[in-house]
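Numbers restart at 1 for each chain; the letters A, B, ... are given by sequence-line order, proteins then strands.
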Amino acid sequence: MAGNKFCLTTPAYYVNDVLHIGHAYCTIAADIIARFRRFAGDDVLFITATDEHGQKIEDAAKSAGIEPIALADRIVAHDKKVWERLNISYDDFIRTTEERHVRTVESVFNALYEKGDIYKGMYEGMYCTPCESFCVESQVKDNKCPDCARELERIKEESYFFKLSKYREKLLKHYEENPDFMKPHSRKAEMINIVEGGLKDLSVSRTAVKWGIPVPFDKKHVIYVWFDALINYISAAGYGNDDKKFSGFWPAELHLIGKEIYKFHVIIWPAMLFAMGLELPRTVFGHGWWTVDGEKMSKSKGNVVDPVKMADDYGVDVFRYFLFREVPFGVDGDFSEKALVVRYNTELANDLGNLLNRTLTMLEKYFEGKVPQPGDSKDEFRDMMEKSGARTVEYYNKYEISSALSEIMKSVGNANRYIESSAPWKLAKENREKLKEVLYDLIEAIRIITLLLAPFMPQTAEKIWEQLGLESKISGMTIRDISWGGLKPGTKVNKGLPLFPKDK
RNA sequence: GGCGCGGUAGCUCAGUUGGUUAGAGCAGUGGAAUCAUAAUCCACGUGUCGGGGGUUCAAAUCCCUCCCGCGCUACCA
């Protein structure tokens, strides 16, 4: 496992909108996995991106009275601050307006054109002149525009097409042979149906749009934003600009995305990669969506959750914890501050925070704050904790990060129960040797729990680490350090303030 | 319309390839304990597993059908 190259990505976020809980959710998930992979010894390339071309940006810039690139610059600066605030450890942040990306897109477009997988044709569709846009035909009723309800006309427009249809069988074969290509599995059937039902070639250029990457050999066309944006994954991985890097990091292990853009990532993008002769990412994981207090999130309702505000009000780690604790990773869920406060009080303050606090207090009280010499017998508690740790690692490996977190919290529960059943306060009077064993077990269990929890709550983990009195930095720890017995007897603990105070 | 995903305890949800009296957390009630942020631990659930039908020795789990909620339906992300 050690030394594996591990590339993972978030989507390229469109810069016409301010980041909300949905973007944060996806990026934090990627961050958790990236942190775990580094912990597991992998050489990680964690890529996030912004998608900056297209009609929407052009329009937004116009109404703001600035150039599109100026608008994008502004949003990008903001996004970077948000990611910093949320403790996102990305290795690369690529913008689709960057030179390295533009050149890659151009060369891909050229290559596919030469190969014949991109060809010039006519796009025919229902066009709404006032909206200046084509409408999705299946949504058109009575020849009226679904957006503005005005009359549509059927028009033809010159366009370049990507031969998506050519890759139908190859895609189906790939799905068949790689059961973990699409995760979670509940999203699979629909995609297979779509592909089986037949694929139409995809229009990949626009003449009405100005803000984008021009087709290299036909400048009146601009490359369709999706075709452009998807390529960010390989331009950031080094394709066309750093071959050595690219050969190490591609194929990506994981594309993390929201379910709304699943189709682009399991049908269109793989077909593009086939056309380029590149390998497909190992896994595309489509996570669910958040509602807020039971309602759909929307600007008009004014209930859009601002991740920075949540981090300010409750703490970054608490927010990160909640997102993956409340809802199984992959399905839809509901966000509410009320639920967040309940989890804070019960699980973080009462269970985890108090576990650390009571254990350190006993250590101070009975052993002057020094970790005692453990017994050499392998007890039931230790066995249980080791098994739980192994399960946690398995879940991480499968990207079932909510299950990983849930397993960690089970360990916390086990430790609290162990205190009750062994009653150290009695042992202090009756059985000094046994007391040593129990307290060593507890403090060692906390150390391991902290390592496993660190990808979710990096700052909290550091704080616990300090309180445990450990000299080495937690960031330097590896997966080998979760094996039992790593804590040296004699270590002087350093009890501090409660991790999760309850005066909220 | 087509395709897909859901409908399990008051609430939020787990339930792998069908198999002992259907589980967890939260909330509620009672109790124990005192190391601790009055935190912790234990005990307590007559749930039509959306409705109906079927397959089977056996179904929340497979098949059919109906009802309800949600999403997608391809190129203004």
Can you tell me if the side-chain N/O atoms of [X] get under 4.0 Å from OP1 or OP2 in [N]?
X        : N     : answer
A:Lys259 : B:C72 : no
A:Asn350 : B:U40 : yes
A:Lys410 : B:G25 : no
A:Asn193 : B:G4  : yes

Quick one: look up who [N] pairs with, Watson-Crick or G-U, both distances under 3.5 Å, and put none if it's unpaired.
N     : answer
B:A36 : none
B:A59 : none
B:C41 : B:G31
B:U46 : none
B:U20 : none
B:C3  : B:G71

Using a heavy-atom cut-off of under 4.0 Å over every strand shown, decide if [X] touches base, sugar-phosphate, or nothing.
X        : value
A:Leu360 : nothing
A:Gly288 : nothing
A:Leu356 : nothing
A:Phe227 : nothing
A:Asp59  : nothing
A:Tyr160 : nothing
A:Ser203 : base
A:Ala12  : base
A:Pro11  : nothing

Using the [atom1] atom in both, what is the distance from [N] to [M], to the nearest Å?
N     : M     : atom1 : answer
B:A27 : B:C44 : C1'   : 14 Å
B:U12 : B:G52 : P     : 23 Å
B:U61 : B:G28 : P     : 34 Å
B:A59 : B:C68 : C1'   : 23 Å
B:A36 : B:G30 : P     : 26 Å
B:A60 : B:G47 : P     : 14 Å
B:G45 : B:U37 : C1'   : 31 Å
B:U46 : B:A33 : P     : 29 Å

Should the pair A:Arg325 and A:Phe456 be classed as cation-pi, given the thresholds of under 6.0 Å to the six-membered ring centre and 45° from the axis? no

Please evaluate the base of B:G71 for a donor-acceptor partner in the side chain of A:Glu190 within a cut-off of under 3.5 Å? yes

Just the rounded figure in Å: distance from [atom2] of [N] to [atom1] of [X].
X        : N     : atom1 : atom2 : value
A:Tyr440 : B:C35 : OH    : P     : 25 Å
A:Ile257 : B:A77 : CD1   : P     : 17 Å
A:Ile446 : B:A36 : CD1   : P     : 15 Å
A:Ile419 : B:U37 : CD1   : P     : 13 Å
A:Trp289 : B:C72 : CH2   : C1'   : 11 Å
A:Lys56  : B:A77 : NZ    : P     : 4 Å
A:Tyr224 : B:C76 : OH    : P     : 5 Å
A:Glu347 : B:A24 : CD    : C1'   : 11 Å

A:His20 and A:Trp290: CA distance, side-chain angles, deciding distance, side chain to side chain donor-acceptor pair (under 3.5 Å) verdict: CA-CA 10 Å; A:His20 57 64; A:Trp290 288 94; over 6 Å; no

Map A:Arg358 and A:Glu326 onto RNA chain B by nearest heavy atom, then report which one ends up closer to the 5' terminus.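 Here A:Glu326 is the residue nearer the 5' end.
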
Residue closer to the 5' end of RNA chain B, A:Lys263 versus A:Thr359 (nearest nucleotide): A:Thr359

Give the nucleotide from the list [options] with an atom nearest to the side chain of [X].
X        : options             : result
A:Ala189 : B:A27, B:G4, B:A77  : B:G4
A:Val225 : B:C5, B:A77, B:U34  : B:A77
A:Pro328 : B:C35, B:C42, B:C13 : B:C13
A:Tyr366 : B:U37, B:A77, B:C35 : B:C35
A:Ser186 : B:A27, B:U40, B:G6  : B:G6
A:Glu420 : B:C26, B:A74, B:C35 : B:C35
A:Asn416 : B:C26, B:U40, B:A77 : B:U40

Would you check if there is a donor-acceptor pair between the side chains of [Y] and [X] at a distance under 3.5 Å?
X        : Y        : value
A:Tyr13  : A:Thr27  : yes
A:Thr104 : A:Ser235 : no
A:Thr361 : A:Lys495 : yes
A:Tyr14  : A:Glu52  : no

Side-chain contact, heavy-atom cut-off 4.5 Å: A:Gln373 with A:Glu437? no

Is A:Asp332 salt-bridged to A:Lys259, cutoff N-O under 4.0 Å? yes

Between A:Tyr175 and A:Phe181, how do the two ring planes meet: parallel, tilted or perpendicular, split at 30° and 60°?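 If you compare the ring of A:Tyr175 with that of A:Phe181, the planes turn out parallel.
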
